[in-house]
Q: 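Sharing a structure below in structure tokens format, with a few things to ask.
Please read all numbers here as calculations on a predicted model, not as lab measurements.
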Amino acid sequence: MPTPGSEQEDAVLREIRRIAALEGTGAWEQAVEAWNALVAREPEAPQARLGRAQAQLRAGRAADALADLESLTSNHPSVPAPWIALAHARSMLGRHEEAVAAAERAVSVAPDLLAAHVTLGDVCRQGRRGVEASAAYARAVDLAPENVEALNKLATMRRALGDRRGARILLQQALAIAPHHPYVRVNAGTMALALGHRDEGRALLSSALEDPKLPGDARREAADALAMLEEDEALTPAVQRAVTTHSPSAIASALSGRRRATVADRTLVAQFDRMVERLSGRSNLTERFARGSPVASAWAAIEAHHHYRETRAREAIADSVAMVGRGGPASSAVERDIEHYAGLVGDCDVVLEKARCHPMDGGDPIEFEALMRWVHARLVWHRPDRRPGCFKLGTLPGSALRGLSRRQPAYTQPTFDVLLRDLLPRLPEGPVRVAFMHVAVVSLQPFNDCNTRVARFLQNRLLVQGGWFPSLRPARGDRILQEQALSTADLEPMIVSLAAGTHEAAERDREWRAMDPADALPRSAHPTRAAAATSDLAALSDGTPTAGPTIR
């Protein structure tokens, strides 16, 4: 290594400055070649090898950077920069646990270094360790309270973990420091929209779009959020009519009059195309599902209980059944959720029976979207902060923590169109298509909240219509199966789980019929059922509201 102040060292430093200027233009591949030449001349210069590795990372060549970084961390274990770069390299290669270990080593050797804590937050976030990422970013903010990048990352993480108001406060702090920071303005704008501060969000995003230097990804997110806001405001009256008339027809009419986007999410379409290929000809999977349909008079409440509560104790289910049966005011948000779910079961069954084209036959994507929006609106109408029936405004930061990519709202409609029109008809009919729809809805994350609940509710109504029992939700959910289906393009484990849920439903239905004397009556002879069915059909034919659960 050159001695301090030597002519050789001065030459190395001049070359490093020249390469740094090249990197400043974003010419990373050319920078890598320049670093290669310098390393060839000065193979023992650690600055050159670190510079080459960092340039390789920025050029997306993480694997090429590993040799230099592992050598540097071995030979200079007390220097944080190689550990930081190694953490990023391992994270880019999907080696998340090793990435976290490298970042923790950087923090241990330089506990007051901002970059070390930010890097630890970054690799924890990539490894879906949200709480740890938030803590690392918080430590970075403690070290540098006015560092806008750290504030922005902590805000994004807090938002992903559900602390939207805390995220908004952090973004407001960042805006006060750097009012023209591109990503902070866009994040603050979408955050304001998510919290219902529409004028503020619109102003922030419109101002950001006026900046000619706004990065492309931030520009797309701002433009998409404003487009979704316009759609939200245009469709809200139709959603309100659909809820009060107990039919999605008003939403379908409103959607038919709007121009639809045409660019689908290519990555997701490719994943689902592989999924379809793997299931080609697998009609035997249908045999796993329990044939029949629930007839217990309390079934809607039983299914709703399993949808929202983890306990499967008979007494707890009986409490939910009694609460729905009373029809009185619910005492908690969960009870209101159960009440709304139970009240929607019969209405949705009638809507599907009267549908001009079955959703699982590769039908009209607009009709399916209207049905999906209507279900969401009915399920969360008592929670206006969930924006009933409206698609999300901006990406969902939390989706990456759940194993899903940050789906852009602008891709939602055209991607559904491709999945339903082109891919779904290639699958065996029946439950296999229903499972495909379930995974598609959860993967696209169209709503700010309740995507899995909407998918499961629709799945069950479609199963019942096809002559199968609905599938009761596993007590611990099926997020792992959802992630597995996406990562491996293998839908079979999800299908097997859904099939097992139909057998549990059949058993639960038999158990409840044996306990309830009212279920001794034939289904058509049961006075309350017959009256409700007649009322629903009449209402759907003339567009007037039906009797049903109170809409709060």
Q: If only atom types and distance count, is the side chain of Arg278 paired as donor or acceptor with the main-chain N or O of Thr488 below 3.5 Å?
A: yes
Q: Compute whether any side-chain donor of one residue and acceptor of the other, for Ser249 and Ser247, lie under 3.5 angstrom apart.
A: yes
Q: Does any non-hydrogen side-chain atom of Val439 lie less than 4.5 Å from one of Met494?
A: yes
Q: Report the C-alpha separation of Ser320 and Ile302 in whole Å, then their side-chain angles, then the decisive distance to 0.1 Å, and conclude whether the side-chain contact (heavy atoms from CB on, under 4.5 Å) test is met.
A: CA-CA 7 Å; Ser320 294; Ile302 295 169; over 6 Å; no
Q: Going by side chain to side chain donor-acceptor pair (under 3.5 Å), name the residues that satisfy it together with Arg202, two or more places apart in sequence or in a different chain.
A: Glu233
Q: How about Glu429 and Val434: do any of their side-chain heavy atoms sit closer than 4.5 Å?
A: no
Q: Is there a donor-acceptor contact under 3.5 Å linking the side chains of Gln413 and Glu369?
A: yes
Q: With heavy-atom distances below 4.5 Å as the criterion, would you say the side chains of Gln459 and Ser471 are in contact?
A: yes
Q: Would you compute the distance between atom CD1 of Ile169 and atom CG of Leu154 and round it to the nearest 0.5 angstrom?
A: 11.5 Å
Q: Rounded at 0.5 Å granularity, tell me how far CG in Asn152 sits from CG in Leu170.
A: 9.5 Å
Q: Which heavy atom of Val418 sits nearest a heavy atom of Ala264, and at what distance?
A: CG2-CB, 4.1 Å
Q: Kindly say whether Leu427 contributes a backbone atom to a donor-acceptor pair with the side chain of Arg433 at under 3.5 angstrom?
A: yes
Q: If we ignore hydrogens and angles and just use 3.5 Å, is the side chain of Ser256 paired with the main-chain N or O of Ala252 as donor and acceptor?
A: yes
Q: For Leu205 and Ala225, work out which heavy atoms get closest and say how close.
A: CD1-CB, 3.8 Å
Q: Hey, does Arg513 have a side-chain heavy atom less than 4.5 Å from the side chain of Asp509?
A: yes
Q: Do the charged groups of Arg421 and Asp364 touch, with an N to O distance under 4.0 Å?
A: no
Q: Provide the full list of salt bridge (Lys or Arg N to Asp or Glu O under 4.0 Å) pairs with a residue in residues 182-196, sequence neighbours left out, each pair given once.
A: Arg185-Asp211
Q: Side-chain contact test, heavy atoms from C-beta onward, threshold under 4.5 Å: evaluate it for His340 versus Arg378 and give yes or no.
A: no
Q: On a heavy-atom basis, which atom in Ser497 and which in Leu481 lie closest, and how many Å separate them?
A: CB-CD1, 3.3 Å
Q: What do you reckon, is CD of Glu231 surrounded by more than 12 foreign heavy atoms closer than 6.0 Å?
A: yes
Q: In Å, rounded to the nearest 0.5 Å, how long is the span from NE2 of His246 to OG1 of Thr244?
A: 7.5 Å
Q: Check for a donor-acceptor pair, side chain of His181 on one end and backbone N or O of Val184 on the other, with a separation under 3.5 Å.
A: yes
Q: Quick check on Arg165: does its CZ atom have over 12 non-hydrogen neighbours (other residues, nucleotides or ligands) under 6.0 Å away?
A: no
Q: With heavy-atom distances below 4.5 Å as the criterion, would you say the side chains of Leu498 and Arg473 are in contact?
A: no
Q: Scan side-chain atoms only and decide if Thr190 and Arg159 contain a donor-acceptor pair under the 3.5 Å cut-off.
A: yes
Q: Quick one, Val375 and Leu458 - any side-chain contact, counting heavy atoms below 4.5 Å?
A: yes
Q: If you draw the axis of the six-membered ring of Phe447, does the NZ or CZ of Arg387 fall within 45° of it and under 6.0 Å from the ring centre?
A: no
Q: After noting the C-alpha distance and the side-chain angles of Arg383 and Asp449, does the key distance pass the salt bridge (Lys or Arg N to Asp or Glu O under 4.0 Å) rule?
A: CA-CA 11 Å; Arg383 297 187 177 187; Asp449 193 32; 5.5 Å; no
Q: Between the side chain of Arg164 and the main-chain N/O of Ala194, is any donor-acceptor distance below 3.5 Å?
A: yes
Q: So which atom in Gly130 and which in Leu161 form the shortest heavy-atom distance, rounded to 0.1 Å?
A: O-CD1, 3.7 Å
Q: Under 4.0 Å between a Lys/Arg side-chain N and an Asp/Glu carboxylate O for Asp163 and Arg168?
A: no
Q: State whether Arg314 and Glu511 are salt-bridged, where the test is any N-O pair (Lys NZ or Arg NE/NH1/NH2 against Asp/Glu carboxylate O) under 4.0 Å.
A: yes
Q: Can we say Arg274 and Asp490 salt-bridge, meaning some charged N sits less than 4.0 Å from an Asp/Glu carboxylate O?
A: no
Q: Does Leu204 reach the side chain of Leu175, with side-chain heavy atoms less than 4.5 Å apart?
A: yes
Q: Does one side chain, of Ser331 or Glu335, offer a donor that lies under 3.5 Å from an acceptor on the other?
A: yes
Q: What verdict does the side-chain contact (heavy atoms from CB on, under 4.5 Å) test give for Ser443 and Phe272, after you've listed the backbone C-alpha separation in whole Å, the side-chain angles of each residue and the deciding distance to 0.1 Å?
A: CA-CA 10 Å; Ser443 300; Phe272 276 87; 3.8 Å; yes
Q: For the CZ atom of Arg158 and the CE atom of Met191, what is their distance to the nearest 0.5 Å?
A: 13.0 Å
Q: May I ask you to say whether Arg220 pairs ionically with Asp224, meaning some side-chain N is under 4.0 Å from a carboxylate O?
A: no
Q: Using modelled atom types and a 3.5 Å cut-off, is there a donor and acceptor pairing between side-chain atoms of Thr311 and backbone atoms of Ala316?
A: no
Q: Shortest non-hydrogen contact from Ala298 to Val321?
A: CB-CG1, 3.5 Å
Q: Show me the pairs that pass salt bridge (Lys or Arg N to Asp or Glu O under 4.0 Å) and involve residues 290-308, at least two apart or across chains.
A: Glu303-Arg461
Q: Working to the nearest 0.5 Å, report the span between CZ of Phe289 and NE2 of His503.
A: 8.5 Å
Q: Between Phe469 and Ala505, which heavy-atom pair has the shortest distance, and what is it?
A: CD2-C, 4.1 Å
Q: With respect to Tyr341, which candidate in His307, His382, His376 satisfies the ring-ring contact (aromatic ring centres under 6.0 Å, His included) definition?
A: His307
Q: Please report the interatomic distance CZ(Arg312) to CG(Leu472), rounded to the nearest 0.5 Å.
A: 7.0 Å
Q: side-chain contact (heavy atoms from CB on, under 4.5 Å) between Phe436 and Leu279: does it pass, once the steps are laid out?
A: CA-CA 10 Å; Phe436 179 88; Leu279 290 168; 5.7 Å; no
Q: Taking Trp374 for the side chain and Ala242 for the main chain, is one N or O donor matched with an acceptor at less than 3.5 Å?
A: yes
Q: Let me see the working for Leu352 and Leu462 under side-chain contact (heavy atoms from CB on, under 4.5 Å), right down to the final yes or no.
A: CA-CA 8 Å; Leu352 288 171; Leu462 293 166; 4.1 Å; yes
